[in-house]
Structures are given as structure tokens and as C-alpha cells.
Amino acid sequence: MVDAIVFVVAAAIVLGGAVGVVINANPVRAALSLVATLFGVALLFILQEAHFLALVQIVVYAGAIVVLFLFVIMLLGVDQAEDLAVEPLAGQRIAGVAIGGLMLVLLLGGLFLSGRGGSDGAVALTGQHSATAALDPERPDVDQLADDLFTRNVLAFEATALLLTIATVGAVVLVRNRGAEDLVVDEPGQAVG
Amino acid sequence: MEVTETWYLILSALLFSIGLVGLLIRRNPLVMFMCVELMLNAVNITFVAFSTALDDIAGQTAVFFVLVVAAAEVVVGLSIVVAVLRRRPSLTADDLTSLRG
């Protein structure tokens with residue numbers, strides 16, 4: 001019963017935040033709605049005993065990614081509200097909502113028509129119990145996650161390290177000022193013009 | 001009343017659809033990125049729900065990788081936005097046509 005109450009509250013936060021992201025004209029408010037959604041998702045992770053992921057969700061998403069969003073919004077001064085009353089592309093909203101509704105129907109259709117029923121719905125949907133690494137309720141989830149990450153998925157883990165390096169280098173190259181040589185360089189022994 | 005994985009999957013479907021609608025109807029690239037984050041989070045909910053339902057830690061490992069890819073995507077995406085805004089005063093998705101070679 002407690003689980004159900006927590007789930008309903010978390011789901012309300014998640015969906016409310018998501019709708020807030022979509023309908024808020026001001027990007028700062030949209031970013032703050034995104035924080036609400038991410039906290040709701042972290043709550044759902046805790047409810048499913050994925051404590052480490054809940055922590056990472058808050059630290060990485062709410063802490064780093066949203067702050068990055070807000071930083072860019074403030075840095076560039078694009079925090080003025082977008083005029084949502086005008087629709088620049090005729091029929092874009094109707095088409096967007098229609099496609100989103102269609103996607104929802106597809107997802108729910110896939111869920112309910114795929115032989116889901118009884119308590120073993122997930123097995124009906126995807127096949128097997130514990131295909132690779134069984135979840136042991138006795139051990140902390142950090143232990144199990146580390147075991148899986150550093151034994152079976154170690155190559156993928158190294159690849160993510162490479163990916164992050166590439167992303168960082170790419171960001172630097174993209175944002176670097178191409179006309180850097182035109183800048184006034186205040187170095188000793190050099191005329192400041 | 002027991003919370004089964006079906007609840008999570010329905011919530012995830014709703015969140016994914018809201019994110020998709022936002023991605024399609026908003027024209028500010030920053031908000032579009034946020035909508036992509038919503039969709040990624042919907043997928044994360046699904047992964048963890050299946051991880052619990054099928055007693056398999058691999059679902060949680062997948063979430064870990066999704067987080068990393070999301071972080072990389074935001075970094076590159078926002079730097080493109082910054083680079084475009086250097087040259088133009090306003091920012092809508094239409095301004096990104098200047099990315100074409």
C-alpha cells in the first residue's frame with residue numbers, strides 16, 4: 001500500500017514536471033520543471049531498490065546536466081520567454097500532438113497486446129528471467145552493479161571513457177573562438193593594443 | 001495494492017510520449033534537448049522496472065551507460081547551441097540550418 005502511494009506521488013511529480021517542460025514558454029522554468037521530473041524518477045528508482053542509480057540520477061542529472069542547461073541559458077541570455085501564441089509552422093502542434101498520441105498508443109498497445117498478463121508480464125514481454133546476472137537481494141546494489149560493470153561490460157565501460165573524452169574535446173573545438181589570434185593578449189613584453 | 005512493473009511501463013510510455021510531443025512542437029533547441037532528456041529518462045524507468053521484474057542487474061548497468069551517453073550528448077549539443085548563438089542573435093531550430101556544410 002505504501003509502495004502504491006509513493007508510486008502515485010512520484011508519477012505525479014514526473015508527469016507534472018514533464019508537462020511543465022513542454023508547455024513553459026520560459027526556458028529557465030522548463031529547466032526547473034525538468035529537475036522535478038528527474039527527482040521523481042530518482043524516487044521511482046529508490047522504490048525499486050536501485051539506490052545507487054537514484055543517487056547518480058540526482059548528482060549527474062539534477063546536479064550536473066540541468067546546471068549545464070541553466071548555465072548556457074544564463075550565459076547566452078536566451079532566458080526571455082518564447083512567444084508560444086504564434087505558431088510559425090502551420091499545423092506543427094496538431095501534427096506533433098497527433099504523432100505523440102500515436103506513439104503512446106503504439107507503446108501501450110505493445111505492452112498490453114504482447115501476452116502480458118498475470119504477475120509475470122515482464123517475462124511475457126522480453127523472454128527470460130536473469131539472462132546474464134541475477135539480482136541478489138542480500139547484496140548491496142552497488143556491489144552487484146560494479147560486478148556486472150567491471151566484468152561483463154568492461155569493454156563498454158572503456159568505450160564510455162573514450163566517448164566522454166571525445167565529447168569534451170569536441171565541445172572545446174566547437175566553442176573555441178576561431179579568431180583567437182585577433183584577441184588582445186596581455187603578455188609581458190608585448191604591446192597591448 | 002501491489003506496484004507491478006506494468007505501472008512503471010505505463011508511466012514510462014506516458015513520459016516518453018510527452019517528451020516526443022515536446023521535441024516536435026517546441027522550437028527552442030535548449031527545450032528540445034530537455035525533451036530528449038525526458039525521453040531518455042522514460043527509457044531509464046523501463047530499464048530499472050525490467051531489472052527488478054526479471055531479477056537481472058544488467059538493466060541497471062544499461063541505465064548507467066544511458067546516463068553517460070546523455071551527459072556526452074548534452075555537452076556536445078549545448079556547445080553547438082553556443083557556437084550558433086555566437087553568430088546569430090536569436091535561437092530557434094531553424095537557425096540550425098547553418099550547420100549544413
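Computation of the quantities below employed the complete heavy-atom set of this structure, encompassing side-chain atoms and omitting hydrogens, waters and symmetry-equivalent molecules. Chain naming here is simple, since letters A, B, ... match the order of the sequence lines and numbering starts at 1 in each.
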Evaluate the criterion side-chain contact (heavy atoms from CB on, under 4.5 Å) for residue pair A/Phe112 and B/Leu9; output intermediate values, then yes/no.
CA-CA 10 Å; A/Phe112 283 104; B/Leu9 296 179; over 6 Å; no

Verdict with supporting geometry, A/Gln92 and B/Arg27, side-chain contact (heavy atoms from CB on, under 4.5 Å):
CA-CA 10 Å; A/Gln92 185 190 9; B/Arg27 302 179 71 245; 4.0 Å; yes

For A/Phe69 and B/Glu37, what are the C-alpha separation, side-chain angles and deciding distance, and is it a side-chain contact (heavy atoms from CB on, under 4.5 Å)?
CA-CA 11 Å; A/Phe69 271 117; B/Glu37 298 302 318; 4.1 Å; yes

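The most heavy-atom pairs under 4.5 Å with chain B, out of A/Ile5, A/Leu44, A/Val60, come from A/Leu44. In terms of heavy-atom pairs under 4.5 Å with chain B, the best-connected choice from A/Val172, A/Asp3, A/Leu149 is A/Leu149. Contacts with chain B were tallied for A/Gly96, A/Gly101, A/Ala95, A/Ala64; A/Gly96 has the most, counting heavy-atom pairs under 4.5 Å. The residue among A/Met1, A/Glu49, A/Met103 with the most heavy atom pairs within less than 4.5 Å of chain B is A/Met103. Listed options A/Gly170, A/Gly17, A/Ala98, A/Ala156 were ranked by heavy-atom pairs under 4.5 angstrom with chain B; first place goes to A/Ala156. Between chain A and the residues B/Leu20, B/Val48, B/Ile45, the largest count of heavy-atom pairs under 4.5 Å involves B/Val48. Per-residue counts of heavy-atom pairs under 4.5 Å with chain B were compared for A/Thr160, A/Thr37, A/Asp141; the largest is that of A/Thr160.
Ring geometry, B/Trp7 versus A/Phe7: the interplanar angle exceeds 60°, so the pair is classed perpendicular (tilted spans 30 to 60°).
Here the side chains of B/Leu30 and A/Leu76 are not in contact, with every heavy-atom distance at 4.5 Å or above. Side chains of B/Ile10 and A/Leu108 form a contact here, defined as non-hydrogen atoms less than 4.5 Å apart.
Contact annotation for A/Leu53: only side-chain heavy atoms (C-beta onward) come within less than 4.5 Å of a heavy atom of chain B. For chain B, no part of A/Phe71 is nearby; none of its heavy atoms comes within less than 4.5 Å.
Atom OH of A/Tyr61 sits about 5.5 Å away from atom CG of B/Asn44, to the nearest 0.5 Å. To the nearest 0.5 angstrom, B/Ile57 atom CD1 is 7.0 Å from A/Asp148 atom CG.
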